[in-house]
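Below is one structure, written out as structure tokens; comments come after it.
Start at 1 and go down the list; that is how both ligands and their atoms are numbered. In what follows, residues are counted from 1 in the order of the sequence shown.
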Amino acid sequence: MASTRPDHRIVILTGAGISKESGLDTFRDADGIWAKVRLEDVATPEGYQRNPRLVHDFYNARRANLANPSVQPNAAHQALARLERDWPGEVLLVTQNIDDLHERGGSRNLIHMHGELFRVTCTACGVIREERGEIDPDTVCPSCQTVGTTRPHVVWFGEMPLEMERIYEALETCRLFVSIGTSGTVYPAAGFVQAAALAGASTVELNMERSVGADLFDEHIQGPATETVPAFVDRLLAAS
Ligand code: APR
């Protein structure tokens, strides 16, 4: 078990695996999103340039799915909110996920490094606004009235993830780094464990299977997030 003084900062990274038991698909599992649609077509600036309507259809469908009442935060999301509330030091949650289940599970100190499904942005004026419905190439920006410049506020491959400076500052000062439900295949998130370890943090991975970077962690806890995360939070709080 990683030893951490109660007043120490914890940084948590989550990926699609933490939302799987809420009914949202992961990307690289056998039944994942990239087994059904080419990421080059829907998650790159080039794909958007080539066929914006295809990209809008893809995110409109995911937005509708996320808005489905059957999709709710699970015990893992709720356990992380409990840790943020009850841990004597800071808990910073960095998620690669674009769903809003961490917020709905009660987390507040949260960074969406890959953007958010329920937000869109205008490439003409830069305004970022909430959008729970559909957008398409004919959408008019309500701020600057430009047509066709509204896109998902989602970071695509080849684009810079959000709030990287704040994330690295936290990694370099944390005493515990926890990675949950991510395959460890996409950078820069896949490299966070090394930044934390270099700064002297203990590192723990909770995942359904050993991730690509599993050997970089001090500890690996295998199993579904709704079982492993609440138990891990109990362990941390009992030691605080
Ligand atoms: N509990 C815990 N882990 C799980 C569960 C579960 N119930 N179900 C699946 N997993 C694990 C899988 O074993 C896998 O290692 O979650 C991980 C999901 O990996 P990916 O599908 O690659 O998702 P993620 O790591 O979040 O992808 C990172 O890639 O496509 C881009 O921008 C996208 O943010 C995404 C990034």
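For atom 30 (O) of ligand 1, the nearest non-hydrogen atom of the protein is W34 NE1, 2.9 Å. Among all non-hydrogen protein atoms, the one lying nearest atom 28 (C) of ligand 1 is Q96 OE1, 3.4 Å. For atom 18 (C) of ligand 1, the nearest protein heavy atom (residue, atom name, distance) is G181 O, 3.7 Å. The protein heavy atom nearest to atom 6 (C) of ligand 1 is G17 O, 3.4 Å. Nearest protein heavy-atom neighbour of atom 15 (O) of ligand 1: N207 ND2, 2.9 Å. For atom 34 (O) of ligand 1, the closest heavy atom belonging to the protein is H114 ND1, 2.9 Å. Annotation: atom 24 (P) of ligand 1 to nearest protein heavy atom, T182 OG1, 3.8 Å. Nearest protein neighbour of atom 4 (C) of ligand 1, counting heavy atoms only, is M208 CB, 3.4 Å.
D25 has no carboxylate O lying under 4.0 Å from a charged side-chain N of R62, or vice versa, which leaves the two without a salt bridge. In this structure, R166 pairs ionically with E163, as a charged nitrogen and a carboxylate oxygen lie closer than 4.0 Å. No salt bridge links R129 with E116; every basic N to acidic carboxylate O contact stays at or beyond 4.0 Å. Look at R132 and E130 and you find a salt bridge, because one of the NZ, NE, NH1 or NH2 atoms lies within 4.0 Å of a carboxylate O, short of that distance. Under a 4.0 Å N-O distance rule, the pair D41/R50 qualifies as a salt bridge.
Neither side chain, Q222 nor N207, offers a donor N or O lying under 3.5 Å from an acceptor on the other. In this model, no donor atom of one side chain and acceptor atom of the other lie less than 3.5 Å apart for S107 and H77. Side-chain atoms of N74 and T226 include no donor-acceptor pair closer than 3.5 Å.
For ligand 1, the atoms sitting less than 4.0 Å from at least one non-hydrogen atom of E21 are 1 (N), 6 (C), 7 (N), numbered in the order shown with element in parentheses. Taking every non-hydrogen atom of D29 and a distance limit under 4.0 Å, the qualifying atoms of ligand 1 come out as 9 (C), 12 (C), 13 (O). Using a 4.0 Å cut-off to heavy atoms of G15, the atoms of ligand 1 that qualify are 26 (O).
Below 3.5 Å of separation, one finds an N or O of A225 facing an N or O of ligand 1. Looking at ligand 1, you'll find an N or O of F27 within less than 3.5 Å of one of its N or O atoms. The distance criterion of under 3.5 Å between nitrogen or oxygen atoms is met by A16 with respect to ligand 1. Between K20 and ligand 1, no N or O atom pair is found at a separation short of 3.5 Å. Of the polar atoms of F157, none of the N or O atoms is found under 3.5 Å from an N or O of ligand 1, judged by distance alone.
Contact annotation: for V186 versus ligand 1, heavy atoms closer than 4.0 Å belong to the side chain alone.
Proximity of a side-chain donor or acceptor of D136 to a complementary backbone N or O of T139 within less than 3.5 Å is detected.
Counted within 6.0 Å of CD on Q145, heavy atoms from surrounding residues, nucleotides or ligands total more than 12; the atom is thus considered enclosed.
At least one cation-pi condition fails for R82 and W87: the charged atom is not both under 6.0 angstrom from the six-membered ring centre and inside a 45 degree cone around its axis.
Using 4.0 Å as the threshold, G223 has a heavy atom nearer than that to some atom of ligand 1.
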